[in-house]
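Read through the structure below, which is laid out as structure tokens, and then see the notes.
As the structure is a prediction and not an experimental result, all values here were calculated from the model. The sequence lines fix the lettering, A, B, ..., with proteins before strands; numbering per chain opens at 1.
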Amino acid sequence: MDPNDGPSLGGTHEARDRRAFELLDPGIQRQLYRMGWTALRRLQIDAIETITGTDQDILIMAETASGKTEAAFLPILSLLATEASGSIRALYVGPLRALINDQFLRMEELCTFLDLPVFKWHGEVSQTVKHRCIRNPAGVLLITPESIESIFINQSAHLGRLFGGLRFVVIDELHAFLGNERGMHLASLLTRIHTFQIQGEHGFREVGLSATIGDPEPAKAFLHPDDPTQVALIQPRGEGKELHLEVHAYDRSVLENPDPGEGPKSRQEDVRITRLRPVAHDIVRHCGGGSNLVFANRKADVEVLCDLCTEFAAPQGLPQNYLVHHGSLSRDIRETAEELMKGSGQRTTFCSSTLELGIDIGSIRLVGQVGAPWTVASLKQRLGRSGRHEGEPRRLSIYVPYPVGDEPELLQRLSYDLIAAIASTELLLEGWVEPMYPPACDLSTLTQQILSVIVEKGGVRTEAIYDLLCRKGPFRGIEASLFAKLMRALGGKDILEQDPAGEIILGLEGEKIVESLDFYGVFNASKEVKVVHEGRVLGALPVLVLPKVNSFIVFAGRKWKVLSVDLGEWEIEVEPSVSRGRPKFAGYGGGVHPRLRQKMREVLSSRATYAYLDAMAGQFLSTAREVAREADLCKERFVALGANSTLAMTWTGSDIQKTLLAMLGLTDINCHDAAIGILFPGSIAEVREAFASIKGHSFSPEGLTECVERDADRKFDYLLDEDLLRVMISREIIDLDGAKRVCEQILSE
DNA sequence: GACCTGCTGCGGATTG
């Protein structure tokens with residue numbers, strides 16, 4: 001810092017702006033003039049000061065379209081302007097190819113007057129470009145974690161040249177990596193890159209960017225695991241965007257009379273389609289005048305809603321501009337939708353979480369959300385897609401369809417989905433989102449990294465692999481004895497072998513795994529069958545729940561009849577039809593944070609009114625509060641539902657709930673998860689006794705794993721033995737302290 | 001029955 005930088009000067013935004021601008025390289029300054037920038041935003045000034053004035057790692061938490069990529073790169077490019085070549089100097093890591101393509105253009109533009117090359121590297125980039133980067137590494141490289149992996153596997157001889165002089169790693173959409181195996185993978189690769197840094201140099205600094213970080217601590221720990229307190233936090237104060245919120249609810253009348261105008265239906269319509277009819281009518285009304293995004297919780301709902309809206313809009317003379325976008329559609333259909341959204345027409349796209357991240361799809365007037373959002377984080381991310389321009393409000397409409405419901409009647413009358421939607425909205429307004437912690441015991445991704453290290457280095461001693469992967473970086477929670485067990489298990493399955501010199505090499509099965517194209521990523525992809533019409537691939541459906549021949553599906557926003565299912569060719573042939581059938585996609589459930597269930601309890605027990613509820617939603621809320629009051633749900637922890645059925649109100653999240661169910665399972669009580677509580681056969685006295693008995697019992701986490709059901713396997717879990725799986729579940733799902741705490745609360749209240 | 005993401009190198013033929 002300038003010693004003459006007195007407090008009197010530092011006071012005004014204009015003065016700080018001017019001084020921050022002067023810290024930038026003249027080539028960058030010139031480009032900013034050319035791009036018509038008149039001022040830097042506070043966030044950018046903060047980032048310029050911190051990046052040029054300190055040697056800290058940095059976490060930038062700000063809304064999408066707030067200019068946070070520029071906040072990071074204006075100063076980084078300025079610092080690198082005079083030392084461009086000899087090595088990649090800055091790495092930009094993004095979770096999506098589309099995002100890398102967008103950012104590549106912006107980065108090139110910023111570098112117009114700098115002698116600083118910009119490279120991109122992902123699966124769709126030509127080998128020519130990749131080889132140019134390897135021959136003459138310099139400047140900035142934009143890349144995915146999987147492509148970094150491919151460099152370790154296929155270009156290991158060049159790692160020192162590529163990364164020896166690396167100064168910065170910028171991780172965009174950091175939340176997309178926190179709390180999952182892809183983040184473990186990335187963190188492990190970055191740890192390995194550190195070992196290629198030129199001796200005596202300072203090493204690289206990390207910068208994380210995200211709009212959706214609930215708790216900055218795990219994000220800081222991701223960037224700087226040795227000492228998270230060293231990470232500087234840049235977070236602009238609330239910019240107070242105007243917010244238009246609406247919550248719409250629907251009653252069951254549509255189920256009795258689906259379509260008054262159409263006369264009797266020849267075929268019984270799937271109730272999961274019928275319940276979406278009034279929602280689609282509202283979406284057609286609300287989505288005039290601009291481009292809109294409507295998120296639904298299931299791909300099947302995305303398809304059905306698009307088809308219903310197309311049909312409803314036709315007779316009213318409304319433009320049929322409804323599009324679909326989700327992960328099972330072909331790339332060509334998805335890219336067409338993205339292009340159309342960017343164009344001048346007014347379109348509405350129904351999507352799953354594919355359009356949650358920051359890829360450019362033009363200006364969005366309204367964001368719709370059908371059903372209660374899975375998490376507050378995803379609701380926040382979705383809301384952030386609207387109102388991205390200065391002076392434009394954010395608009396969010398949540399549509400809560402009538403529940404299909406096989407839960408107990410009391411819970412149905414509580415309008416679980418609506419209360420969950422209100423609770424999520426309230427938490428969002430309070431600024432809370434779920435904290436994201438990394439998996440505690442990801443032996444699957446560790447296995448992948450062990451194989452990767454062996455491919456990179458040839459034979460390696462066990463201790464050297466342990467030092468490299470587990471002493472520092474994301475696997476530091478794996479102790480030496482557990483690592484040794486893992487190595488033995490992999491040896492037993494011919495994945496690894498020990499050569500006569502005592503070094504570990506790949507076994508026969510290990511060779512096969514590593515040679516597969518699939519090896520570069522660490523997440524599990526389900527097997528799929530192509531959906532084809534006259535030679536054109538529309539997308540794919542999971543092989544687990546294939547449609548029957550002659551059945552009907554809505555897919556890519558249109559109705560089809562299934563002509564054939566060919567498992568030899570992995571192909572489903574379809575032809576256009578006029579009948580509407582709901583497609584099936586295979587999926588598993590996800591977790592709910594305890595805070596959401598606690599908020600639901602607050603919503604039910606308070607008298608607060610919410611201005612964003614429509615008449616029906618308001619009415620359902622009153623009924624739910626009445627039901628809760630009559631049964632004393634919010635105060636009483638045990639509620640009799642019938643002669644021999646009791647609901648214990650836990651009001652907690654899914655991990656604690658799973659642990660409680662496992663504890664009760666061990667004591668031979670046959671009970672069920674009912675979201676806000678646990679459902680028992682038996683009287684209140686018996687259930688109270690059951691809780692008292694598990695409170696007094698001392699459980700071992702690993703014993704409980706027998707009774708816990710896991711949602712989904714990780715990619716390399718199939719290589720682990722029972723013992724290792726038990727350790728993994730006990731460390732990741734079982735929450736003994738949390739369960740005991742809930743137990744005590746239940747018994748004392 | 002939630003949702004999403006990613007990915008070679010090489011040999012041979014064709015084209016400018």
Side-chain angles (χ1 to χ4, degrees), chain A residues 93-101 120-128 130-131 134 143-156 171-186 189 212 272 295-303 325-329 331 334 350-359 369-375 377-379 381-382 404 406-407 417 420 445 448 452 455 513-526 528 540 542 544-545 582-592 654 673 675 709-712 714-715:
Chain A
V93 185
L96 302 176
R97 291 182 297 229
L99 202 57
I100 287 174
N101 295 341
K120 63 175 168 175
W121 188 317
H122 58 64
E124 285 168 14
V125 173
S126 79
Q127 288 200 24
T128 327
K130 292 172 183 168
H131 284 134
I134 292 173
I143 195 165
T144 60
E146 290 73 17
S147 284
I148 301 178
E149 180 69 72
S150 81
I151 293 177
F152 270 95
I153 299 291
N154 301 307
Q155 312 293 344
S156 52
I171 305 168
D172 201 3
E173 308 276 14
L174 179 63
H175 63 276
F177 296 110
L178 292 176
N180 59 39
E181 47 264 58
R182 212 173 168 206
M184 297 295 278
H185 186 202
L186 172 59
L189 293 167
T212 312
R272 287 167 302 177
F295 292 90
N297 288 342
R298 294 168 189 81
K299 288 184 273 194
D301 291 345
V302 169
E303 291 287 356
H325 196 289
H326 58 72
S328 297
L329 295 172
R331 193 178 303 148
R334 289 158 59 172
F350 292 90
C351 58
S352 57
S353 36
T354 39
L355 291 180
E356 248 178 40
L357 294 181
I359 59 172
Q369 160 69 39
V370 180
W374 300 125
T375 60
S378 119
L379 184 65
Q381 201 60 36
R382 291 171 182 194
V404 180
D406 46 2
E407 69 259 32
D417 287 351
T445 303
Q448 193 263 3
S452 169
V455 177
I513 292 172
V514 161
E515 278 162 17
S516 147
L517 183 57
D518 189 48
F519 180 70
Y520 302 91
V522 298
F523 50 85
N524 232 346
S526 66
E528 292 184 321
L544 276 176
V545 281
R582 193 173 189 270
K584 282 187 181 148
F585 295 91
Y588 301 94
V592 176
S654 26
D673 189 348
E709 273 192 38
R710 281 183 77 202
D711 294 331
R714 293 207 179 105
K715 186 170 171 181

Can a side chain N or O of A:R272 be found less than 4.0 Å away from OP1 or OP2 on B:dG1?
yes

How many Å lie between CZ on A:R714 and C1' on B:dC4, as a whole number?
16 Å

Under-4.0 Å salt bridge between A:E181 and A:K715
no

For a quick check, with a 4.0 angstrom heavy-atom cut-off, what is the B/S/- contact string for nucleotides 5-16 of chain B, read 5' to 3'?
BBBBB-------

A:P583 vs A:F585 side-chain heavy atoms within contact, under 4.5 Å:
yes

Are A:E124 and A:R331 close enough for a salt bridge, meaning some N to O gap below 4.0 Å?
yes

Do A:H185 and A:F177 have ring centroids that are under 6.0 Å from one another?
no

Assign A:G183 to base, sugar-phosphate, or nothing according to its heavy-atom contacts below 4.0 angstrom with the strands shown.
nothing

Checking side-chain polar atoms at under 3.5 Å, does A:K299 have a donor or acceptor matched by the opposite partner on A:S352?
no

Would you indicate what A:K299 reaches in the nucleic acid, counting non-hydrogen atoms under 4.0 angstrom: base, sugar-phosphate, or nothing?
sugar-phosphate

Between B:dC4 atom C1' and A:E528 atom CD, what is the distance in whole Å?
12 Å

Can you tell me the distance, in whole Å, between the OH atom of A:Y588 and the P atom of B:dC4?
14 Å

Measure the spacing between CG of A:L96 and CG of A:L357 and express it to the nearest 0.5 Å.
5.0 Å

